[in-house]
Novice: 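The structure follows.
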Amino acid sequence: MDWSKNKIKEFQKDLLSWYDANKKPLPWRQTTEPYKIWISEIMSQQTQVETVIPYFERFMKKYPTVESLAQADDTELLKLWEGLGYYSRARNLKIAAQEVVNEYNGKFPDNLKEILSLRGIGPYTAAAIASISFDLAEPAIDGNLMRVTSRIFELECDISKSSSRKIFDEHLRTLVSKKRPGDFNQGLMDLGSLVCSPKKPKCETCPLNKYCGAVADGKQLNYPVKTKKLKQKELYYTAFALENSLGEYYLEKRPSKGLLADMWTFPLTELSSVDFEKIITDGAISKNITMPELPESISKMEYFGNFTHIFSHQKWHIVLIKVKAEEKFEIADELLTADKKWVYYDSKKLGENVVNLNQDLSKISRLKLPLSGPQVKMFELLDKKI
DNA sequence: TATACGTGGGA
DNA sequence: TTCCCAAGTAT
C-alpha cells in the first residue's frame with residue numbers, strides 16, 4: 001500500500017458521499033444497537049439481503065432482547081429460522097446470547113477480542129459489529145470487500161483461500177475511515193452489490209473508478225481470482241410418508257449434528273442409484289426396501305413420486321413412498337419418543353403442522369416443528385403442488 | 001487448510 | 001439445465 005494520506009482521505013470521502021446518497025434502506029440501518037446489528041449480520045451470512053428482511057422483522061418481534069433470545073425455546077427458534085438455511089447459525093445465536101447474559105451481564109461486549117470470542121461470530125461479523133456499533137476502525141472483510149479490493153489493487157490472491165484474508169486486511173486497514181468505520185464498511189458492501197458486481201460491474205458510474213487498477217487496465221472481470229467449487233455428491237433416498245387412520249403423518253427429528261440438524265423429516269433410507277432408477281421408471285418397489293422400525297405387516301407401500309433437492313455440497317434424489325396404515329394400526333407408544341411424532345399437516349397452511357401428542361385429539365399441542373427443506377417439498381408433493 | 005454447512009435467485 | 005452467486009463460521 002503506497003497511497004498518500006491525501007489520496008486515502010479522498011477515497012474515503014468519495015465512498016462515504018456515494019454511500020450517503022445511495023445506501024440501501026434496510027431495517028437494521030435505523031440503529032447501531034449491537035443486538036440488532038449482530039442478528040442482522042448473522043442472518044446475512046451467505047444470504048441475500050432481500051431474503052433476510054422478513055426473517056429479521058419476525059425475529060425482532062419474537063426475541064426483542066438478548067435475554068429473550070438466551071431463553072428461547074430451541075424448536076421455536078429453529079422454526080423461525082426455517083427456510084433460511086445454515087441452521088447452526090440459529091443454534092449458535094442462542095449460545096452466544098447466553099454468553100452475553102452470563103459472562104457480560106447482558107451487555108454486548110464493546111471490543112473486538114470479546115466480540116470475536118462469542119459463538120458463531122468470526123472475523124467478518126466481529127469487525128462488522130465493532131465498526132457499526134462501536135465505531136472501531138476494523139475492516140469487515142466479506143465477499144463484497146474482497147471483490148472491490150481485489151479490483152482496485154489488482155490482487156492475484158485466491159479469495160477462496162483463507163490465507164488470502166491477511167492480504168485484504170492489510171490493504172483495507174489503511175483505507176478504513178476512523179471517523180465513520182461502520183459506514184465505510186457498509187458503503188463498500190453496498191458498492192460491491194450495486195456497482196462493483198461480479199458479472200457486469202458498472203465501472204462508468206462507480207465513485208471509485210479513478211482509484212481502480214482493474215478499470216485502468218480494463219481487467220475488471222479478471223478479479224477476484226477464485227477457484228471453482230467442487231460438484232455436489234449425489235445421494236439417493238427413499239422417504240416414507242406413513243399416514244395413520246387419523247390422517248396424521250409420522251415424522252422424525254434428525255440428529256443434533258450434521259446436515260439439517262434437529263430438523264423434522266419423514267423417515268429416510270439411502271438406496272442405490274440403480275434401485276432409484278428402477279422405482280421411478282416402473283414404480284415397482286422391491287421387497288428389500290422397508291421402512292425402519294416398523295412391522296412389514298402394516299406396510300402397503302405405493303410409489304408416489306420423486307424430486308431432487310440440491311444443497312451446497314450434496315444433491316439428493318428422493319423417491320417418496322406412501323405407506324397407508326391398516327385401519328387399526330398405531331405405532332407403539334414406546335416408539336413415540338421426543339424425537340418421533342405423529343403430525344397433522346394442513347396443506348392450506350404450509351408449515352403450520354400441528355403435533356398431536358399422545359395420539360389424543362383432545363390434547364393437540366400447537367407446537368410447530370421446523371421442517372427440513374426436502375420435507376417441505378415432500379408435503380407439497382403429497383398435495384400434488386409439484 | 002479444506003470441507004461441511006442451505007437456500008433462492010439470476011444469467 | 002447448469003452454474004455461479006449472496007453481509008461466513010466451525011472444525
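Basis for what follows: all heavy atoms, side chains included, without hydrogens, waters or symmetry-related copies. Every chain is numbered from 1, with letters handed out A, B, ... down the list of sequences.
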Novice: Just to be sure I understand the geometry, which residues of residues 30-47 of chain A put a non-hydrogen atom under 4.0 Å away from DNA chain C?
Specialist: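 Output list: A:Glu41, A:Ser44, A:Gln45, A:Gln46.
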Novice: By nearest nucleotide on DNA chain B, pick out whichever of A:Leu230 and A:Tyr87 is the more 5' one.
Specialist: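 So the residue in question is A:Leu230.
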Novice: Quick one: A:Lys199 NZ to C:dC5 C1', roughly how many Å, whole number?
Specialist: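 Answer to the nearest Å: 7 Å.
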Novice: Remember a base hit wins even if backbone is also touched, and classify A:Arg29 as base, sugar-phosphate or nothing at under 4.0 Å, heavy atoms.
Specialist: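 Base, at least one base heavy atom under 4.0 Å.
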Novice: Kindly point out which of C:dA10, C:dT2, C:dC5 is positioned nearest to the side chain of A:Pro198?
Specialist: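 Taking heavy atoms from C-beta onward, the closest nucleotide is C:dC5.
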Novice: I need the minimum non-hydrogen distance between A:Pro374 and A:Ile318, along with the two atoms involved.
Specialist: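 Looking at all heavy atoms of both residues, the closest pair is CB-CD1, 3.9 Å.
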Novice: Taking the side chain from A:Arg147 and the backbone from A:Cys196, do they hold a donor-acceptor pair closer than 3.5 Å?
Specialist: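 It does hold such a pair.
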Novice: Looking only at atom P, what distance separates B:dG6 and C:dT11, rounded to whole Å?
Specialist: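 Taking atom P in both B:dG6 and C:dT11, they lie 14 Å apart.
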Novice: Over how many whole Å does the gap from A:His313 atom NE2 to C:dA10 atom C1' extend?
Specialist: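 It is 14 Å, rounded to the nearest whole Å.
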Novice: Assess whether a salt bridge exists between A:Lys94 and A:Asp74, defined as any Lys/Arg side-chain N lying under 4.0 Å from an Asp/Glu carboxylate O.
Specialist: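 Salt bridge present between A:Lys94 and A:Asp74.
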Novice: Could you go step by step and tell me if A:Tyr249 and A:Trp342 meet the ring pair (Phe, Tyr, Trp, His ring centres under 6.0 Å) rule?
Specialist: CA-CA 5 Å; A:Tyr249 288 103; A:Trp342 286 104; 8.6 Å; no
Novice: Taking A:Lys79 first and then A:Glu82, would you say they form a salt bridge - that is, a charged N and a carboxylate O separated by under 4.0 Å?
Specialist: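 A salt bridge links A:Lys79 with A:Glu82.
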Novice: Return each pair, listed once, that meets salt bridge (charged side-chain N to carboxylate O under 4.0 Å, His left out) where at least one residue sits in residues 51-68 of chain A; pairs must be two or more places apart or across chains.
Specialist: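 Passing the test, one end in residues 51-68 of chain A: A:Lys62-A:Glu76.
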Novice: What are the 5'-most and 3'-most nucleotides of DNA chain B lying under 4.0 Å from any heavy atom of chain A?
Specialist: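 First and last nucleotides in contact are B:dT1 to B:dG9.
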Novice: Find the distance between CG (A:Leu77) and CZ (A:Arg89) and round it off to the nearest 0.5 Å.
Specialist: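 It comes to 11.5 Å.
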Novice: Using the closest heavy atom to pick a nucleotide of DNA chain C for each, name whichever of A:Tyr86 or A:Lys315 lands nearer the 5' end.
Specialist: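 Going by which nucleotide is closer to the 5' end, it is A:Lys315.
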Novice: Between C1' on C:dC4 and CZ on A:Phe311, what's the gap in Å once rounded to a whole number?
Specialist: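 Rounding to the nearest Å, CZ of A:Phe311 and C1' of C:dC4 are 19 Å apart.
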Novice: Tell me which residues in residues 166-197 of chain A lie within less than 4.0 Å of DNA chain B, going by non-hydrogen atoms.
Specialist: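 Here the set is empty: none.
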Novice: Checking A:Lys9 now: which residues fulfil side chain to side chain donor-acceptor pair (under 3.5 Å) with it, not counting sequence neighbours?
Specialist: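 Testing A:Lys9 for side chain to side chain donor-acceptor pair (under 3.5 Å), a comparison that skips the adjacent residues, returns none.
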Novice: Is A:Lys226 touching bases, backbone alone, or none of the nucleic acid, heavy atoms closer than 4.0 Å?
Specialist: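 Touches sugar-phosphate only.
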Novice: Return the residues of residues 50-68 of chain A meeting this criterion: a heavy atom under 4.0 Å from some atom of DNA chain B. Order them by number, or give none.
Specialist: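 Those residues: none at all.
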Novice: Specify the closest pair of heavy atoms between A:Pro198 and A:Leu221, including all atoms of both residues, with the distance to one decimal.
Specialist: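 Scanning both residues completely, I find the closest heavy atoms to be O-CD2, 3.7 Å.
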Novice: Return each pair, listed once, that meets salt bridge (charged side-chain N to carboxylate O under 4.0 Å, His left out) where at least one residue sits in residues 191-207 of chain A; pairs must be two or more places apart or across chains.
Specialist: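 As it turns out, there is no salt bridge (charged side-chain N to carboxylate O under 4.0 Å, His left out) pair with a partner in residues 191-207 of chain A once direct neighbours are skipped.
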Novice: Under a 3.5 Å distance rule, please check whether A:Ser133 uses its side chain to pair with a backbone N or O of A:Ala130 as donor and acceptor.
Specialist: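 No; judged by distance alone, with no hydrogens or angles, the pair does not exist.
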Novice: Can you list, in residue-number order, the parts of residues 115-124 of chain A that come under 4.0 Å of DNA chain C, counting heavy atoms only?
Specialist: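 Contacts with DNA chain C under 4.0 Å: A:Arg119, A:Gly120, A:Ile121, A:Gly122, A:Pro123, A:Tyr124.
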Novice: Could you note down all residue pairs passing ring-ring contact (aromatic ring centres under 6.0 Å, His included) where residues 95-126 of chain A supplies at least one of them, sequence neighbours left out?
Specialist: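 Sorted pair list: A:Trp38-A:Phe108.
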Novice: Output yes when a side-chain donor or acceptor of A:Thr149 lies under 3.5 Å from a complementary backbone atom of A:Leu145, and no otherwise.
Specialist: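 Yes, the answer is positive, given that a donor and an acceptor are paired below the 3.5 Å cut-off.
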Novice: Taking the nucleotide of DNA chain B with the nearest heavy atom to each, does A:Leu84 or A:Gln48 sit closer to the 5' end?
Specialist: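 Nearest-nucleotide comparison on DNA chain B picks A:Leu84.
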Novice: Could you tell me whether A:Glu243 and A:Lys322 make a salt bridge, using a distance below 4.0 angstrom between a side-chain N and a carboxylate O?
Specialist: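 Looking at A:Lys322 together with A:Glu243, the answer is yes, because their closest N to O distance falls below 4.0 Å.
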Novice: Under 3.5 Å, which donor-acceptor pairs do the side chains of residues 303-313 of chain A form with other protein atoms, sequence neighbours left out?
Specialist:
from: A:Tyr303; atom 1: OH; to: A:Asn306; atom 2: ND2; distance (Å): 2.9
from: A:His309; atom 1: ND1; to: A:Lys377; atom 2: NZ; distance (Å): 3.1

Novice: Within the 4.0 Å heavy-atom criterion, would you say A:Trp28 contacts the bases, only the backbone, or no part of the nucleic acid?
Specialist: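 Answer is base: heavy atoms of A:Trp28 come under 4.0 Å of a base.
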Novice: Taking the C1' atom of each, how far is C:dA6 from B:dC5, in whole Å?
Specialist: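 15 Å, rounded to whole Å.
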Novice: At 4.0 Å (heavy atoms only), tell me whether A:Arg147 reaches a base, stays on the sugar-phosphate, or touches nothing.
Specialist: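 Here A:Arg147 touches the backbone only, sparing every base.
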Novice: Please state how far atom NZ in A:Lys161 lies from atom P in C:dT9, giving the value in whole angstrom units.
Specialist: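 Nearest whole value for this atom pair: 19 Å.
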Novice: Side chain to side chain donor-acceptor pair (under 3.5 Å): which pairs involve residues 171-181 of chain A, sequence neighbours left out?
Specialist: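 Side chain to side chain donor-acceptor pair (under 3.5 Å) check on residues 171-181 of chain A returns A:Asp20-A:Arg180, A:Glu138-A:Arg173, A:Asp169-A:Arg173, A:Arg180-A:Asp183.
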Novice: Quick test of your reading: applying salt bridge (charged side-chain N to carboxylate O under 4.0 Å, His left out), list the pairs with at least one residue in residues 257-266 of chain A, sequence neighbours left out, ordered by first then second residue.
Specialist: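 As it turns out, the salt bridge (charged side-chain N to carboxylate O under 4.0 Å, His left out) pairs with a partner in residues 257-266 of chain A, which skip direct neighbours, are A:Arg91-A:Asp262.
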